[in-house]
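Written out below as structure tokens is the structure these notes cover.
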2 protein chains.
Amino acid sequence: MLLTFRVGGKQVPQRKSGHVTLLDIARACGYSVSTVSIVLSEAPLSQNVAASTREQIRAMASQLGYHPDAYARSLRRRRSQTIGVLAFDLSDPFCLPIMRGIQSEMQRGGYLPMLMDAQTHRKLFDSYLKMVLERRAEAVIVIASWIFEEANLLADMEKNNVPIVIVGRDLTSRGIPSIAVDNEEGGALAMRHLLELGHRDIAVVRGPVEMFDSEPRWNGARHVAAQMGITIDSQLIFQLPDLVGPDSGFEGGASLAKAMLATGRKFSAVLAFDDLTALGVVRGLSESGLRVPQDCTVVGFDDVLPASVATPGISTIRQPLAEMGSIAAQWVLKAIESGQSAPANPPEVHWAQPQLVIRGSSAPLHGTE
Amino acid sequence: MLLTFRVGGKQVPQRKSGHVTLLDIARACGYSVSTVSIVLSEAPLSQNVAASTREQIRAMASQLGYHPDAYARSLRRRRSQTIGVLAFDLSDPFCLPIMRGIQSEMQRGGYLPMLMDAQTHRKLFDSYLKMVLERRAEAVIVIASWIFEEANLLADMEKNNVPIVIVGRDLTSRGIPSIAVDNEEGGALAMRHLLELGHRDIAVVRGPVEMFDSEPRWNGARHVAAQMGITIDSQLIFQLPDLVGPDSGFEGGASLAKAMLATGRKFSAVLAFDDLTALGVVRGLSESGLRVPQDCTVVGFDDVLPASVATPGISTIRQPLAEMGSIAAQWVLKAIESGQSAPANPPEVHWAQPQLVIRGSSAPLHGTE
DNA sequence: AGTGTTGATTAAAACGTTTGAACATCTTGG
DNA sequence: CCAAGATGTTCAAACGTTTTAATCAACACT
């Protein structure tokens, strides 16, 4: 199996697999595979191995460029030290900070997060979920996917004892532990901000119907308005179309801004579903000759990168994304540790507290004119 | 090893590993592991298996929620069907489209890209590179990392016959096949654009010294200016500080914009190192009361999302990122197929052609005033 | 009855690890 | 001189697959 032949007078090991194995090292320095394994994996037994032997084996390993085969090791140890992270659309700037939160938590646990990007495609999502199962991820974190058709895949996760957590959406109704922002509170924060600035005529862009976040955000906003005795002109309530492309939020915002103006109704502020939409609104207003914030205040939701680097910066409701990711990671690690495949009944839910971030896109009514 | 006990009068298999295996299925329907394997993996031999048997096995597999163990399979087949994708900083919007290009190419090859994000940390980068090696990725694509200290890890890749390709940087000097944008041409395009708009007094923000892209971009721009007989005021040439945080481009651009104004020199356009820097410049100018593009034109480089959704949109030099990713993927797939671990000597390099994208941030000199 | 042929299934080895048990070889004390 | 530890090393089985070669039954043809 290990052929050796001479090249330039020197013995060169030639492997089929192309990878250096324990056997290669064992042969090269005259010990058994067991000993080599014990030394290199720093098993407890390695204390009984002569220091000189240890030295020799280590030296040879690094000389040959040995790296243990995670497949063989995982097979034997029955632990993959891997958790799957399945993002529905990684190009959504929303995902990154969550991912970072997950990652930092995983590192200390010695786990490798396998990140997969479904690119908004249901089929891809399913096929990745399958791969995650096949690669024996010990748990799965799903980021903000609003599809979950493949109930049998979920059932398969259960059959195979793989704990799962979703972040960015409340799916406790389906029995999945969830971490999500308190959208209602977020919507309320945004509306309160506008009202405090003195705005009374407020246009609203709601999210697409299929987006689970849309409803509660609007509810939160509406209640605050109602409490203050303000009514929102129903002619000024718009809704993003169901998403098609990745930047449909931006496009939608831009065209709805024009639609707002076309109604002829008066408004001094726009409450947008999310940051991209808000940026779209700014664009739309700008193309119609209106300036933000002088002529109209705009606020978004999420606090993603483009919102902070635009000028004016977009006032927004920040989600503590990294923290949410980190909590998700802690949950799955705990689930793995405790060996509990099934979530608590009812499954846990964590509501992250949103936070108002004031930037250049908001101004008091008549303040800067 | 497979214990069974009764629950509610029904036989329930109870596995240690928590995962359904071929053996479970074999027992459950009275065939051997071999047969089950042959059927479920759709090996050529499966044609000889009685149709009824196939049916039965498949049914049982899906009922139990079986998914083949990728570890065991890869161990046996000696193929992981995985390639490692190592991003130096995934939060750079630059990475995503590249990743998408890679992904779409990988899918058809049936490969899984394992995406890892080094978060700009050298140590993380190395540790992920090691993991990639351990997980027996059949090849590695590195995205735009400007560190490559760990020469011994690279040497290990060679020892283990793992082909590697880098995208976003020319590292052929280190013997690594590379895919990068033609920065010189890009710089030239940007400068030509400004000159065609009539600008003559142009401020420049160069990238940090450690950024390999910086020099050629500036060279391309400089040559074009020289050809047209224009000299750039050396007082108006600035340089971003070495990066510390992720948005140092933005911060740097903003503060340098103020530095430009502080020189008292006249300028009507700014050529920024990249899009985030350009956005920073816009912010800086705006805070000093200047409007873009009426008072000053700004162009960036890369064409990342924030540049397109800001208002005004940032004129920029687009890199064909998805295409670059796709080429990288094709290269590694080819390398895997041909079994050539070592790259050609000299290693191949692909120069992607940049493209000017004109947006609202550029205006002809005196055009809109 | 012997010889193929075909069709359906399986036994067994291998992939590269890890690990509990076993095996030598030395000390040491009785 | 043997029992009883230490000390250092190895055997062999196992993890869940895939795959080659083998088995076995049934059936057709000389």
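Numbers restart at 1 for each chain; the letters A, B, ... are given by sequence-line order, proteins then strands.
The phosphate of C:dT17 (OP1 or OP2) has no side-chain N or O of A:Ser37 nearer than 4.0 angstrom. Dashed line: the shortest gap from a side-chain N or O of B:Ser32 to OP1 or OP2 of C:dT9 is not under 4.0 Å.
Checking C:dC15, D:dT10, D:dT17 against every side-chain atom of B:Arg78, the shortest atom distance belongs to C:dC15. For A:Arg77, the listed nucleotide lying nearest its side chain is C:dT18; candidates were C:dT18, D:dT9, D:dT17. Taking every side-chain heavy atom of B:Thr21 into account, D:dG16 is the closest of C:dT17, D:dG16, C:dG20. Nearest nucleotide to the side chain of A:Tyr31, out of D:dT9, C:dT9, D:dT19: D:dT9. Candidate nucleotides C:dT9, D:dT10, D:dT18 were compared by shortest atom distance to the side chain of B:Arg76, and D:dT18 ranks first. Of the candidates D:dT10, C:dT17, D:dT9, D:dT9 carries the atom nearest the A:Asn48 side chain, counting heavy atoms from C-beta on. Residue A:Ile38 has its side chain nearest to D:dT10 when only C:dT9, D:dT10, D:dC15 are considered. The side chain of B:Arg136 sits closest to C:dT17 out of C:dT17, D:dT9, D:dT18.
Atom P of nucleotide C:dT18 and atom OH of B:Tyr71 are separated by 14 Å, given to the nearest angstrom. Summarising the geometry, the separation between CD on B:Glu55 and P on C:dA8 is reported as 15 Å, rounded to the nearest angstrom. In this structure, B:Arg73 atom CZ and C:dG16 atom P are separated by 18 Å, rounded to whole Å. Summarising the geometry, the separation between CD on B:Glu42 and P on D:dT18 is reported as 11 Å, rounded to the nearest angstrom. Following rounding to the nearest Å, A:Leu40 (CG) and C:dT19 (C1') show an atom-to-atom distance of 15 Å.
In this model, a donor atom of one side chain and an acceptor atom of the other lie less than 3.5 Å apart for A:Arg79 and A:Tyr111. For the residue pair B:His67 / A:Asp156, a side-chain donor-acceptor distance below 3.5 Å is found, with atom types taken as modelled.
DNA chain D is contacted by both A:Leu45 and B:Thr35; A:Leu45 maps to the nucleotide lying nearer its 5′ end (nearest heavy atom per residue). For the pair B:Gln47 and A:Pro68, nearest-nucleotide mapping onto DNA chain C gives the more 5' position to B:Gln47.
In this structure, the separation between NZ on B:Lys159 and OG on A:Ser62 is 6.5 Å, given to the nearest 0.5 Å.
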Step by step, would you call A:Tyr71 with B:Thr82 a side-chain contact (heavy atoms from CB on, under 4.5 Å)? CA-CA 12 Å; A:Tyr71 287 79; B:Thr82 297; 3.8 Å; yes

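Classification of A:Arg122 and A:Asp89 as a salt-bridged pair fails, no side-chain N sitting under 4.0 Å from a carboxylate O.
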